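Each chain gets a letter, A, B and so on, in the order its sequence line appears, and its residues count up from 1. It should be emphasised that the depicted structure is a prediction, and the values quoted were computed from it without experimental measurement.
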There are 2 protein chains.
Amino acid sequence: MSTPQTRRKTRTDAERNRDRVLQAARVLFAESGHDVQMSEVARAAGVGIGTLYRKFPTRDALIEAIAEHRATDLVAAARQLTDAEDPTQGLAGFLYHVGEVLAGDRGMSEVIEKVMGSAEPRGQTREALLAVVAELLDRARVRGTVGQDVTAGDVNMVICGLAAVIRNAAGDWRRYIEVTLDGLRTR
Amino acid sequence: MSTPQTRRKTRTDAERNRDRVLQAARVLFAESGHDVQMSEVARAAGVGIGTLYRKFPTRDALIEAIAEHRATDLVAAARQLTDAEDPTQGLAGFLYHVGEVLAGDRGMSEVIEKVMGSAEPRGQTREALLAVVAELLDRARVRGTVGQDVTAGDVNMVICGLAAVIRNAAGDWRRYIEVTLDGLRTR
DNA sequence: CGGAATAAGGAATCCGGATTCCGTATTGAA
DNA sequence: TTCAATACGGAATCCGGATTCCTTATTCCG
């Protein structure tokens with residue numbers, strides 16, 4: 001009815017450029033956080049600013065796209081740990097994994113800090129992330145790996161703090177995890 | 001010899017305005033953090049932008065002046081707890097005090113996060129702050145309030161995290177302190 | 001191959017804010 | 001009261017970036 005399918009399909013080079021941009025942005029954001037300039041991204045991607053903007057109409061759109069992607073990865077990792085049996089894994093394993101990821105991705109540490117920190121339901125993926133963490137927590141609680149009264153909020157705060165510690169290059173973040181994990185256990 | 005003391009002393013109104021600016025800036029920074037506009041500060045202080053700039057040649061100078069002041073307060077508070085005997089006080093008491101302060105001062109939470117997070121020796125007051133925390137830690141260690149192997153770095157990370165938790169309005173920061181404190185105890 | 005449909009490029013523009021400048025208003029020592 | 005020394009005010013300027021717009025280059029369907 002309303003499908004004048006006269007449109008050709010996306011040009012191949014257009015798609016290639018989109019990938020280049022994403023790739024470049026991922027690297028730059030990971031290295032220096034989200035305050036990288038759009039022109040930097042364009043240059044790194046070997047693309048004109050105009051092109052960059054056709055792909056992502058806004059700086060935030062670009063950040064969002066990448067954050068979403070990364071978040072998905074985290075959720076996937078979490079799900080895997082959800083099934084694992086090894087107690088070393090589960091919540092603890094996830095925290096270390098997150099640490100590893102954030103330690104190598106400044107931009108992500110910024111995102112995670114906000115996601116775990118704020119009460120904003122922003123995005124389904126964010127939602128999913130919180131859900132999986134809650135799931136991980138439940139399992140840990142059953143196993144007795146963490147105190148019975150530990151809440152998802154507690155864990156979120158710990159993760160929020162973890163992000164800050166890493167982003168500020170505080171000290172040994174693994175140590176931070178050890179401490180907080182012990183704290184959650186004690187409760 | 002070289003003192004052509006022909007200079008009059010600072011005009012009274014000049015001094016008054018300086019105070020107004022500081023006062024206004026304190027309030028605004030506390031409310032909304034350091035991204036407040038200079039013009040905002042000037043308006044709130046009931047002063048022209050020009051005047052604001054004569055007092056503080058740079059946005060950072062203003063922020064610095066206030067941060068320094070606040071940091072001094074914290075150090076004082078810490079020193080007091082250093083002498084207290086009540087175990088409830090000491091390190092634990094300090095953490096709660098810091099929480100209380102940061103919860104009511106967004107700008108300060110930003111500063112603290114950096115100070116405790118980074119390894120930059122910036123400023124003698126910052127230096128003093130770190131020193132007092134270390135002192136507090138030592139006492140706690142002796143009392144057995146915290147694990148024998150807890151380092152100043154560990155505490156700094158916890159504080160850095162605390163600042164982030166509060167700044168992002170995460171959850172109940174007192175709870176965060178409870179958890180981390182337990183963690184430090186366990187170690 | 002030929003031309004319409006798409007995309008690429010990147011200079012020009014727009015914008016929010018910080019900082020500067022200079023004419024005017026106050027202050028206070030004589 | 002008088003006048004030089006100081007301080008005030010705030011419009012004008014400067015700046016770093018994001019975003020837009022229009023010209024030229026590619027792609028790919030027929």
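Contact annotation: T51(A) does not reach the phosphate of dA7(C) (side-chain N/O to OP1 or OP2, under 4.0 Å). Between T12(A) and dC28(D) there is a side-chain N or O to OP1 or OP2 distance below 4.0 Å. For dC8(D), the OP1/OP2 oxygens have a side-chain nitrogen or oxygen of N17(B) closer than 4.0 Å.
Salt bridge absent: E178(A) and R174(A) never bring a charged side-chain N and a carboxylate O closer than 4.0 Å. Between R18(B) and E15(B) there is no salt bridge, since no side-chain nitrogen of the basic residue lies less than 4.0 Å from a carboxylate oxygen of the acidic one. We find that E40(A) and R59(A) are not joined by a salt bridge, their nearest charged nitrogen and carboxylate oxygen being 4.0 Å or further apart.
Here dG17(D) is the nucleotide among dG17(D), dA8(C), dG17(C) with the atom lying nearest to any side-chain atom of Q37(A).
In this structure a side-chain-to-backbone donor-acceptor pair under 3.5 Å is present from R141(B) to V150(B). With hydrogens and angles disregarded, no donor-acceptor distance shorter than 3.5 Å links the side chain of D105(B) to the backbone of V101(B).
Checked against I177(B) for a side-chain contact (heavy atoms from CB on, under 4.5 Å), the options I159(B), L162(B), V158(B) give a single hit: L162(B). A side-chain contact (heavy atoms from CB on, under 4.5 Å) with V111(A) is found for one member of K114(A), E113(A), M108(A) and no other, namely M108(A).
Ring geometry, Y96(B) versus W173(B): the interplanar angle falls from 30° to 60°, so the pair is classed tilted.
For DNA chain D, none of the residues of residues 18-34 of chain B falls under the heavy-atom distance limit of 4.0 Å. For the segment residues 53-63 of chain A, the set of residues with a heavy atom within less than 4.0 Å of an atom of DNA chain C comprises R54(A), K55(A), in numerical order.
Residue E15(B) contributes atom CD, which lies 11 Å from atom P of dC8(D) at whole-angstrom precision. Rounded to whole Å, the distance from CD1 on I49(A) to C1' on dG10(C) is 5 Å. Whole-Å rounding puts the K9(A) NZ to dC29(D) P distance at 8 Å. As a whole-Å value, the separation of L52(A) CG from dG17(D) P is 16 Å. A straight line from CZ of R43(A) to P of dG10(C) spans 12 Å, rounded to a whole angstrom.
Where D13(B) and D13(A) meet DNA chain C, the nucleotide closest to each residue was compared, and D13(A) sits on the side nearer the 5' end.
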Assess whether salt bridge (charged side-chain N to carboxylate O under 4.0 Å, His left out) is satisfied between R16(A) and D19(A), documenting all intermediate values.
CA-CA 5 Å; R16(A) 172 168 51 65; D19(A) 291 342; over 6 Å; no
